[in-house]
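Hydrogens, waters and symmetry mates are skipped; everything else that's a heavy atom, side chains included, is used. Residue indices begin at 1 and follow the sequence shown.
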Amino acid sequence: MNSKPLRGINHVGVTVPDIEAATAFLIGGLGAQVIYESHSPAQPPAGSPELDQALNLAPGTRLIAARMIQIGTGPEIELFELKADAQREASRPSDFGLQHLAFYVDDIEAAIERFEAAGGKMFSRPNEILFPEEQGEGNLYCYGQTPWGMMIEFITFPSAMPYERGTPLRRWHANS
């Protein structure tokens, strides 16, 4: 038996209300690229009771479109446009479930400028990282929201973090 059956995060699935608008935002706001389209909006909507069951979807959900998006060198984002009678708005970080996606950036101000220019909303300017185990010179973060309500974080940590003194494990960033 393999002692390390998991290698890491491959992708994160994100449901959006309009895949074209979301793709345009991710390209403009985060420098994304479309890798491929799994189900084109030009195709008829897809759906079945079997798909509802397999993916734990609301009964009668219709797949309008799906595409794989690449942003930088991290895991991909698989965008879905799904339509169902029982859809809810995006949750807040205080709700259960996936809270946010964090993007490592070298220039946090430039990332914010691009994000806002594409229609994103920032909740703050860059702040020193909150947790003592992550603090260091120039280690900053800030939160924002995409036009469809998904929370994102920009983070940069050019300096060593205090946690590194107690473990050989290291957090991933673009220089890893």
Enquirer: Can you list every ring-ring contact (aromatic ring centres under 6.0 Å, His included) pair that touches residues 9-34, not counting sequence neighbours?
Expert: F25-F115, F25-W148
Enquirer: Measure the CD1-CD1 distance between I27 and I71 for me, rounded to the nearest 0.5 Å.
Expert: 9.5 Å
Enquirer: Enumerate, atom names and distances included, each donor-acceptor pair closer than 3.5 Å involving a side-chain atom of residues 83-91, sequence neighbours excluded.
Expert:
{"unit_1": "K83", "atom_1": "NZ", "unit_2": "P17", "atom_2": "O", "d": "2.9"}
{"unit_1": "Q87", "atom_1": "OE1", "unit_2": "A84", "atom_2": "N", "d": "3.4"}
{"unit_1": "Q87", "atom_1": "NE2", "unit_2": "L82", "atom_2": "O", "d": "2.8"}

Enquirer: Grab the two heavy atoms, one from A118 and one from G28, that are nearest each other, plus how far apart they are.
Expert: CB-C, 3.7 Å
Enquirer: Between C142 and I112, what is the shortest heavy-atom contact and its length?
Expert: SG-CD1, 3.5 Å
Enquirer: With under 30° as parallel and over 60° as perpendicular, where do the rings of F157 and Y104 fit, or are they tilted in between?
Expert: perpendicular
Enquirer: For the pair E133 (side chain) and Y163 (backbone), establish whether a donor and an acceptor sit closer than 3.5 Å, ignoring hydrogens and angles.
Expert: yes
Enquirer: Does one hydrophobic cluster hold both L26 and Y143, with members joined at side-chain heavy-atom distances below 4.5 Å?
Expert: no
Enquirer: Does E81 use its side chain to pair, donor to acceptor, with the backbone of I64 at less than 3.5 Å?
Expert: no
Enquirer: By the ring-ring contact (aromatic ring centres under 6.0 Å, His included) test, which pairs, at least two apart or in different chains, include something from residues 35-93?
Expert: none
Enquirer: Could you check whether any side-chain heavy atom of L101 comes within less than 4.5 Å of a side-chain heavy atom of F103, counting everything from C-beta outward?
Expert: yes
Enquirer: To the nearest 0.5 angstrom, please state how far the OG1 atom of T15 sits from the CE atom of M150.
Expert: 10.5 Å
Enquirer: May I ask you to decide if V16's main-chain N or O and D18's side chain share a donor-acceptor pair within less than 3.5 Å?
Expert: no
Enquirer: Give, for atom CE of M68 and atom CD1 of I77, the distance between the pair rounded to the nearest 0.5 Å.
Expert: 10.5 Å
Enquirer: Flag yes if M151 and L98 sit in one hydrophobic cluster, no otherwise; membership is Ile, Leu, Val, Met, Phe, Trp, Tyr, and two members link when side-chain heavy atoms are under 4.5 Å apart.
Expert: no
Enquirer: According to a hydrophobic-cluster definition based on side-chain heavy atoms being under 4.5 Å apart (Ile, Leu, Val, Met, Phe, Trp, Tyr only), do L169 and M161 belong together?
Expert: no
Enquirer: If you compare all heavy atoms of L79 against all heavy atoms of A22, which two are closest, and at what distance to 0.1 Å?
Expert: CD1-CB, 4.3 Å
Enquirer: Answer whether the closest heavy-atom distance between the side chains of L63 and P45 falls below 4.5 Å.
Expert: no
Enquirer: Of all residues at least two apart in sequence or in a different chain, which pass the salt bridge (charged side-chain N to carboxylate O under 4.0 Å, His left out) check with E134?
Expert: R171
Enquirer: Please check if the side chain of Q135 supplies one atom and the backbone of L130 the other of a donor-acceptor pair under 3.5 Å.
Expert: yes
Enquirer: Quick one: salt bridge (charged side-chain N to carboxylate O under 4.0 Å, His left out) partners of E128, sequence neighbours excluded?
Expert: none
Enquirer: To check you understand the geometry: which heavy-atom pair defines the closest contact between I19 and P41, and what is its length?
Expert: CG2-CG, 4.2 Å
Enquirer: If hydrophobic clusters are built by linking Ile, Leu, Val, Met, Phe, Trp and Tyr wherever their side-chain heavy atoms come under 4.5 Å apart, do L140 and I152 end up in the same one?
Expert: yes
Enquirer: With sequence neighbours excluded, give me every salt bridge (charged side-chain N to carboxylate O under 4.0 Å, His left out) pair touching residues 20-46.
Expert: E20-R67, E37-R67
Enquirer: Check whether any side-chain heavy atom of P126 sits under 4.5 Å from a side-chain heavy atom of E109, and report yes or no.
Expert: yes
Enquirer: Are I129 and I155 side-chain neighbours, meaning at least one heavy-atom pair lies under 4.5 Å?
Expert: yes
Enquirer: So L30 and F154, do their side chains get closer than 4.5 Å, heavy atoms only?
Expert: yes
Enquirer: Measure across D52 and G60 and return the closest heavy-atom pair with its distance rounded to 0.1 Å.
Expert: OD2-N, 2.8 Å
Enquirer: Taking atom CD of E113 as the centre, does the number of heavy atoms from other residues, nucleotides or ligands within less than 6.0 Å exceed 12?
Expert: no
Enquirer: With a 4.5 Å limit on heavy-atom distance, are the side chains of E164 and R170 in contact?
Expert: yes
Enquirer: When you group the ILVMFWY residues by side-chain heavy-atom contacts below 4.5 Å and let the links chain together, are I69 and I35 in the same group?
Expert: no
